[in-house]
Amino acid sequence: MKHTIKRIVLDAAQKAYENGALLSDQVPEMEIEEPRHQSHGDFSTNFAMISAAIQKMPPRKIAESLISSIETLAETSGEIGSLIEKVEIAGPGFINFFLSNKAWYPVLDRILEQDKRYGASDMGKNEKVQVEFVSANPTGPLHVGHGRGAAVGDSVGNILSFAGFDVQKEFYINDSGRQIRTLGTSVWIRLLQKAGKEIKFPEDCYQGDYIMDLASEIHEKEGDRFFQKDEDEAIAHCAKFAAKKILKGIKEDLSDFGVTFDQWFSEQSLYDAGRVQKAIDDFKSKDLIYEKDGALWFRSQDFGDEKNRVVVRNNGLTTYFASDIAYHMEKYERGFDRVIDVWGADHHGYIKRIDASVVASGRKSEHFEVILVQLVNLLRRGKPFQMSKRAGDFVTLKNIVDEVGKDAARFMFLSRSYDSGLDFDLELAKQKNSNNPVYYVQYVHARITGILLKAKQENIIQDIDFNKGKNLYLLNAAEETNLIKILDAFKENVEKSAQTLHPHVIFTYLMSLASAFHSYYNKHKVITDDKELTLARLSLVLGVKKVIRNALTLLGVTAPERM
RNA sequence: GCGCCUGUAGCUCAGCUGGAUAGAGCAACGGACUUCUAAUCCGUAGGUCGCAGGUUCGAAUCCUGCCAGGCGUACCA
């Protein structure tokens, strides 16, 4: 609808210029917005105010000319005439549009016809985008922080895809390097302890109980003869076994959390294919790498980083950064125009150096984006939980999903902008009442299903799902127009969410739609003796049901038929 | 010190590509179930938008400086 209003304003401005009522045909970037107050109409534009300088006329004078031009348009075009009830000047020069009820009815037909595609946009123009998220080391189970990143990454992927981008979701497995060796050592030492050897468990090894479980599994499988093995060989075996097992667990946990990936990308595969060395050689050939103190340094400072960074240590081993350079090069070679990484806020210092490497390898800074997800503060009844990976007693994502459920967890993670830290209260997320927003929204879907089922039982409709609105002209209550207006705004919200990469836009939208529905439900009965009106209202609530489902789907939350 | 994020109602937060009287949920108080699910609704109360300047016809929103909190600042990942 916003686009329609904008077109009318542009047409009217052009006409006014042709008539000499406006002095210039230049149109600055104007806003069409929904005013906060009903008395300001359905839509409002600041066209007159921002045109004042160009037109060399006072804003109210411009507004008058434009309004008279719009009125002429409305008289000559039946389509526009039936849309607009009145247009007013207000305040310093706002032009306020009041639309007729009739203007809104087509929205419902569109929803029923387009169904699961309602709200989809083509703004992405099939641009290839990669969203990489979670990417946890396979050295331990996923924790709460990963959960937030997973929910954000997965939803951003869904939203971009719905907004017309060609999206690939990827998990980068850090299955190479020191942390894997440490994992192997951790398991091996636990094994030796089991065999009765008195060894103190090193502080820099992984402390969690899951390490002992892994050791037990290996012991069961391999038997006592495993202790006779050469230590290096044994550690390598433990590392491989443990990483594989942990990765399997990570996949399961994510799947239970409703998160799926198009690709799992192994860091080790970069080494196996020689791509890390190739990346280093490439930078060397461009004189972007130099040697100092026995190590190789990348000149990231030349590209805006605070200092230069080591890619090969003086012991000859490559750093994590080196494989990351190769990884990002590889992403662009796969043809992505946009690469989006979802990281925890504690990695923010890493952005500049990756950005530097992206630019150094010939891409533009705009092609690399990072979604920085602020930390999660886990609470129980307002009291903080300690999450220390070193102590090994952290709350896992699985713990949370098991305790509060997938839907509540995802909705909670996406309820706030990821720019802010998030307080996640386990007790609150478990409550099945209005403290917990997920039920507020899901309840709408279940309630409507109940209404539709009843209508079917009473033979008012043949099917609880239909694709054409009925008697829409009977929807004249203020609450009905209001609901349709919110349904109409879904696509704009999808686009805004995709543009800003902020899934909580959809959360906020869902809350306002749910609130409008619950109000309506309490004030008006859908099924009444008036068969004609009943059909109209059934069309309306079916529209609400579909939009709730579509929006929840973007957030990875299910829309239940009953609760 | 430097860098990133944040500071809006008692609490948790929307609003931030500038617009008209700053919104929601929770908590508090008062109401609404013989009805399509009360996991709901209606009403009341509650705010110098961290502080100080600046830009603008107009600032919670943009700029500068300060104050406060979180995170980071490795030849770790």
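In this text the structure is predicted, and so the values were computed from the model without any measurement.
In this structure A:Asp305 satisfies the side-chain hydrogen bond (donor to acceptor under 3.5 Å, both in side chains) test together with A:Ser300, A:Arg309, sequence neighbours excluded. For A:Lys525, the salt bridge (charged side-chain N to carboxylate O under 4.0 Å, His left out) test picks out no residue, with sequence neighbours left out. For the salt bridge (charged side-chain N to carboxylate O under 4.0 Å, His left out) test, residues two or more places apart in sequence or in another chain that qualify with A:Glu170 are A:Arg334. With sequence neighbours left out, A:Tyr327 forms a ring pair (Phe, Tyr, Trp, His ring centres under 6.0 Å) with A:Tyr172, A:Phe265. Under the ring pair (Phe, Tyr, Trp, His ring centres under 6.0 Å) criterion, A:His3 pairs with no residue at all, not counting sequence neighbours. Applying the side-chain contact (heavy atoms from CB on, under 4.5 Å) test to A:Phe283 and every residue at least two apart in sequence or in another chain returns A:Leu288, A:Ile289, A:Phe298, A:Ile325, A:Met329, A:Ser357, A:Ala360, A:Ser361. With sequence neighbours excluded, the residues satisfying ring pair (Phe, Tyr, Trp, His ring centres under 6.0 Å) with A:His502 are A:Tyr418, A:His504.
Contact check, A:Arg416 against B:rA24: no side-chain N or O comes under 4.0 Å of OP1 or OP2. In terms of phosphate contacts, A:Arg537 brings no side-chain nitrogen or oxygen within less than 4.0 Å of OP1 or OP2 of B:rC36.
Distance noted for atom P between B:rU44 and B:rG25: 13 Å (whole Å).
Ring-plane geometry between A:His347 and A:Tyr350 is classed as perpendicular, the angle between the planes exceeding 60 degrees on a 0 to 90 degree scale with a lower cut at 30.
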Between the protein and nucleotides 18-21 of chain B, list the N/O to N/O atom pairs that are separated by less than 3.5 angstrom.
residue: B:rA20; atom: OP2; partner: A:Arg36; partner atom: NH2; Å: 2.6
residue: B:rA20; atom: N6; partner: A:Ser44; partner atom: OG; Å: 2.6
residue: B:rA20; atom: N6; partner: A:Asn96; partner atom: OD1; Å: 2.9
residue: B:rA20; atom: N1; partner: A:Asn96; partner atom: OD1; Å: 3.3
residue: B:rA20; atom: N1; partner: A:Asn96; partner atom: ND2; Å: 3.1
residue: B:rU21; atom: O2'; partner: A:His37; partner atom: NE2; Å: 3.3

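Non-hydrogen atoms lying under 4.0 Å from RNA chain B are contributed by A:His518, A:Ser519, A:Tyr521, A:Asn522, A:His524, A:Lys525, A:Val526, A:Ile527, all within residues 513-531 of chain A.
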Margin query: How would you summarise protein contacts on nucleotides 4-11 of chain B per nucleotide, using B for base, S for sugar-phosphate only and - for none, with heavy-atom distances below 4.0 Å?
Written below: SSS-----
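The side chain of A:Glu306 approaches B:rU73 more closely than any other nucleotide in the set B:rU73, B:rA77, B:rU12.
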Checklist line | Watson-Crick or G-U pairs under 3.5 Å in RNA chain B, rendered as dot-bracket with [ ] for crossing pairs and | for another strand | finding: (((((((..((((.....[...)))).(((((.......))))).....(((((..]....))))))))))))....
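In this structure, A:Asp346 and A:Tyr320 both approach RNA chain B, and ranking their closest nucleotides by distance from the 5' end singles out A:Asp346.
Pairs engaging residues 537-549 of chain A under the salt bridge (charged side-chain N to carboxylate O under 4.0 Å, His left out) rule: A:Asp115-A:Lys546, A:Asp115-A:Arg549, A:Asp465-A:Lys546, A:Glu480-A:Arg537, A:Lys545-A:Glu561 [sequence neighbours left out].
Side-chain contact, A:Asn471 with A:Glu532: a donor N or O sits under 3.5 Å from an acceptor N or O.
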